[in-house]
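Here is the structure we will look at.
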Amino acid sequence: MRRIFAYVFITATVVIIVLALTQSPLPKGPGVELVVTKCQTCHGLEYLTDSAGISREMWAETISEMEEYGMEIEPQERETILNYLATYLGPHPPSEADRSPHSSKSRNRTIDAAELYRQSCAACHQAQGEGMGRLAPPLAGNEMLLKDRRYALLVVLHGLEGEIEVGDRTFDGQMPPMAHLRDEQVAAIVNYILTAWGNDQRRPTDFAPLSPEDVTKARSESLTPQQVWEYRRKLR
Amino acid sequence: MPTKYLRSPNRDHQSPSTSALDAASLDRRAFVKLVGTAAIGWGVSPVHLRAAWAQRPIDPSRLIPGKDRRLIVHNSKTGVLETPVELLRQHRVTPKETLFVRNNQFLPGSLTLDPLPLDNWTIEIMGLVKAPRIISATELAQMEQTDVEMVLQCSGNGRSYYARTVKTRGTQWKKGGMGNVRWRGVLLKTVFERAEVTIHPSARFLTAEGKDAPLVPTAPDFEHSVPLHDVIDKAILALEMNGEPIPAVHGGPVRLIIPGYYGTMNIKWLHRLRLEAHETFNHHQIPRYRTYIRPVKPGTRLKRTFENTAPNWHQRVKSIIWSPLEDDVVAAGPVTISGVAWNDGMVEIEAVYVSTDRGRTWQRARLQVPASRYAWYPWTITVPLRPGQHEIWSRAIDALGRSQPLDGSIHWNPSGYEWYGVDKIRITVS
């Protein structure tokens with residue numbers, strides 16, 4: 001009976017943690033499990049979510065203060081918690097797309113470009129790059145993308161605004177700058193749209209794939225969406 | 001018994017508990033009881049479990065039975081609840097069901113609106129006195145009682161507005177970390193007289209402790225010091241709130257009430273008073289609950305010392321707009337704007353001015369007479385507004401000329417205390 005009791009107690013404990021995690025109001029990210037278990041022994045996690053946006057130094061001070069209140073953590077745990085708080089509850093938290101398990105959290109993990117496209121672009125340009133009515137131009141078979149190696153890259157980083165023609169359709173919308181994506185992600189997405197849906201068939205042979213370094217460089221150009229539109233016009 | 005709050009999990013939803021239950025081959029009640037026990041061990045309350053199970057946010061009326069379920073939960077464990085302005089403005093005296101809650105620590109059995117019994121509750125008076133005394137709550141109930149209506153306000157109230165410059169950590173209170181409440185109890189000086197407490201002339205501060213305790217015994221136990229000379233004539237050892245024994249969650253059976261002071265100094269579950277020559281250097285008195293004396297650039301983090309900071313004692317002059325509310329859409333034409341104003345009660349609030357052109361011109365609102373100098377002053381004004389986006393500002397000024405800064409972040413401090421900037425809301429007039 002004792003053993004059953006102990007067994008059930010442990011199982012129950014696991015259930016609590018699972019429940020706490022599935023219910024946790026905190027964004028998922030490396031270390032969230034530790035934060036969830038360590039930071040709600042004395043108060044609710046609301047204190048953490050309420051404080052979201054403060055600097056790394058302020059989080060570091062907060063952790064030290066919690067230690068004064070009796071929180072016990074190993075130095076390594078402290079590091080993990082601080083990294084989590086400063087990243088996910090810091091002044092510049094990663095966007096939803098970055099957080100998804102499909103995106104690359106660490107540089108050595110391969111980026112799933114198709115998935116990134118689905119998350120960041122498909123809402124407007126649609127799953128097969130076919131575009132959406134008069135709202136977003138097609139990317140599949142779009143000649144403009146194949147006229148200049150860097151054009152699509154500039155659009156993704158800096159946006160696009162102005163009347164454009166694609167095939168026999170005209171569009172006069174706004175493409176929002178997607179500069180929140182990291183360099184590797186932008187390179188992967190742009191390489192993807194330049195090769196997917198048969199675009200690779202028509203792509204000039206001297207079109208080398210874009211590298212994250214190309215993205216870094218293009219990012220530093222800081223163009224307005226109207227300037228990108230001018231750039232497009234000159235391609236004709 | 002914790003188990004009574006637990007609800008059986010939703011059957012459509014394969015929760016991890018189901019498989020655990022099968023594996024353990026115990027009946028559901030026993031299992032649920034064990035989960036409850038484990039949960040307590042882990043510091044997860046039944047209310048949390050219930051919320052987790054039902055996949056919805058914590059209900060304030062379950063966290064603290066009797067509280068209005070529309071309150072905002074800022075800490076679902078020790079109990080920190082904010083009153084939305086929509087509820088706050090409905091009553092001249094804030095009822096216990098909607099009054100905000102701010103607990104730093106925890107007293108078992110206190111998360112309820114029910115009162116705690118007076119029997120066996122004692123208050124020790126010690127320190128720089130000829131002879132220490134212990135008085136009982138029942139003795140207090142026999143002494144002559146004094147009434148006071150006053151604004152009870154958390155010193156963090158309005159903290160979220162500091163985020164307009166540099167966000168500060170902690171609960172992001174808007175305007176509802178306050179209420180206007182009636183207390184009844186015995187004046188501190190009467191207590192000292194009746195209990196024949198002889199205070200040594202070197203005593204300058206009154207330090208108060210409550211019966212609540214930190215979760216970890218080695219952590220600093222919450223306490224506060226206030227200047228004795230300033231509080232001796234007005235502080236009361238309160239036994240009643242709004243005509244009833246003080247609800248446990250609001251600090252009964254005996255709470256130290258200091259009209260005009262920030263809420264944090266009004267020690268709940270009072271059980272010890274120390275007379276001392278210096279402020280306590282307890283962590284909750286310093287560096288917590290203090291602001292810089294000289295304004296600093298938002299984001300500056302100076303070490304807080306007794307010399308460069310002042311404790312959250314006297315409430316700053318403040319007004320808030322509570323109708324219309326931020327982002328409201330109102331019809332063009334005459335628009336009635338209303339709110340409340342208050343200060344530390346040293347002198348009267350003289351006027352509240354309202355601007356609809358971002359501070360270029362100000363009009364004087366009509367003030368109502370408050371129930372006491374420590375209570376809030378309701379005010380209203382009707383102004384013509386054309387269609388479009390408008391900002392409405394309010395600014396109180398008291399008889400000493402003390403007023404609210406146009407940019408409240410001038411008083412920026414790392415913990416975001418004592419926000420008292422001119423209140424500013426944005427509305428649409430259609």
Side-chain angles (χ1 to χ4, degrees), chain A residues 1-25 36-73 85-86 89-93, chain B residues 15-17 19-21 23-26 30-39 41-44 48-49 51-53 55-58 63 73-80 103-106 159-160 163 166-173 214-220 283 287-288 299 301 414:
Chain A
M1 189 59 209
R2 256 236 178 101
R3 273 180 53 196
I4 292 187
F5 190 90
Y7 174 72
V8 173
F9 193 86
I10 291 165
T11 318
T13 301
V14 170
V15 171
I16 304 308
I17 294 172
V18 170
L19 274 176
L21 279 175
T22 52
Q23 188 58 21
S24 149
V36 166
T37 41
K38 285 285 175 190
C39 304
Q40 59 178 344
T41 37
C42 306
H43 48 69
L45 291 175
E46 295 90 352
Y47 280 6
L48 281 69
T49 47
D50 250 10
S51 305
I54 64 174
S55 67
R56 189 182 181 89
E57 292 98 308
M58 284 191 188
W59 277 122
E61 278 171 18
T62 306
I63 296 176
S64 307
E65 186 164 347
M66 299 310 129
E67 286 175 312
E68 270 186 61
Y69 293 138
M71 179 175 73
E72 284 177 13
I73 46 168
L85 295 172
L89 300 180
H92 308 291
Chain B
S15 70
S17 61
S19 53
L21 183 64
S25 70
L26 272 176
F31 175 75
V32 151
K33 210 163 165 174
L34 279 165
V35 173
T37 319
W42 275 94
V44 180
H48 291 81
L49 270 183
W53 225 294
Q55 295 282 311
R56 55 178 165 65
I58 309 257
L63 185 64
V73 178
H74 284 302
N75 179 343
S76 52
K77 193 156 288 180
T78 56
V80 179
N103 283 338
N104 264 271
Q105 296 185 159
F106 186 64
R159 176 177 293 129
S160 61
V166 175
K167 183 166 175 172
T168 58
R169 68 171 187 231
T171 297
Q172 299 297 305
W173 297 97
L215 259 122
V216 177
T218 51
H283 178 78
R288 287 190 98 206
R301 291 193 327 284

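The distance from the OG atom of A/Ser55 to the NZ atom of B/Lys167 is 12.0 Å, given to the nearest 0.5 Å. Distance CZ/B/Arg169 to OG1/A/Thr62: 3.5 Å, rounded to 0.5 Å. For the atom pair A/Leu45 CG and B/Ser76 OG, the distance stands at 7.5 Å (nearest 0.5 Å).
Considering every non-hydrogen atom in both A/Asp50 and B/Thr171, the closest pair reads OD2-CA, 3.2 Å. In terms of heavy-atom proximity, B/Lys77 sits nearest to A/Gly44 at CB-N, 3.8 Å.
With a threshold of 4.5 angstrom between heavy atoms, A/Glu61 approaches chain B through its backbone and through its side chain. B/Thr168 touches chain A through its backbone: at least one of N, CA, C or O sits under 4.5 Å from a heavy atom, while the side chain does not.
No side-chain donor-acceptor contact under 3.5 Å links A/Glu46 to the backbone of B/Val73.
In terms of heavy-atom pairs under 4.5 Å with chain A, the best-connected choice from B/Arg288, B/Gln172, B/Arg159 is B/Gln172. Here B/Gly170 is the residue among B/Pro217, B/Ala219, B/Gly170, B/Pro214 with the most heavy-atom pairs under 4.5 Å with chain A.
Within the 4.5 Å cutoff, side-chain heavy atoms of B/Asn75 are placed close to those of A/Tyr47.
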